[in-house]
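Fair warning: this is a prediction, and the values are worked out from it, not measured in the lab. Count residues from 1 along the sequence.
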Amino acid sequence: SPETKTHYPFKWRPSIHMPREHCRLRLTVESIRSERLQSISAEDCAAEGVAAAVHYYADLWDSINGAVPGADWASNPWVWVVSFTRQARR
């Protein structure tokens, strides 16, 4: 209803249209490669924020992607592996 609508002194824009200097996080892509999902190492699991045990990562993967045909852990799909570093804010 019009009574509950909040009015702001600016027009809202999605963040994709904001100027770069207002960005809160900047990443530099270091490498990109493709590999089979089950090729992930314990070190890669740890970098993903999962305990360094592949079976924990497999459980997480299936909880997120398991309902998509061909995307579950057992199907061993091809995935993109993107390595990046966080840039310091200027």
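The environment of W80 atom CH2 is sparse: at most 12 non-hydrogen atoms of other residues, nucleotides or ligands sit within 6.0 angstrom.
Taking every heavy atom of both residues into account, R86 and R24 meet most closely at NH2-O, 4.2 Å. Residues V82 and V29 come closest through the heavy atom pair CG1-CG1, 4.1 Å. The minimum heavy-atom distance between E21 and R26, with the atom names listed, is CA-NH2, 3.6 Å. For the pair V54 and I40, the tightest heavy-atom approach, listed with the atom from each and the gap, is CG2-O, 3.8 Å. Taking every heavy atom of both residues into account, G70 and P77 meet most closely at O-CB, 3.6 Å.
Contact annotation: the side chain of P14 approaches that of H17 to within less than 4.5 Å [non-hydrogen atoms, C-beta and beyond]. Looking at heavy atoms from C-beta onward, L60 lies out of side-chain contact with W73 at the 4.5 angstrom threshold.
Between N76 atom CG and Q38 atom CD the span is 3.5 Å, to the nearest 0.5 Å. E35 contributes atom CD, which lies 8.5 Å from atom CH2 of W78 (distance to the nearest 0.5 angstrom). W61 CH2 to C45 SG: the interatomic distance, rounded to the nearest 0.5 Å, is 11.5 Å. Here the CG atom belonging to D62 is positioned 9.0 Å from the OG atom belonging to S75, to the nearest 0.5 angstrom. Of the inter-residue distances, the one linking Q87 atom CD with L25 atom CG reads 9.0 Å to the nearest 0.5 angstrom.
A chain of hydrophobic side-chain contacts below 4.5 Å, direct or via other Ile, Leu, Val, Met, Phe, Trp or Tyr residues, connects Y56 to I64.
When atom types are taken as modelled, the side chain of N65 and the backbone of A71 share no donor-acceptor pair closer than 3.5 angstrom.
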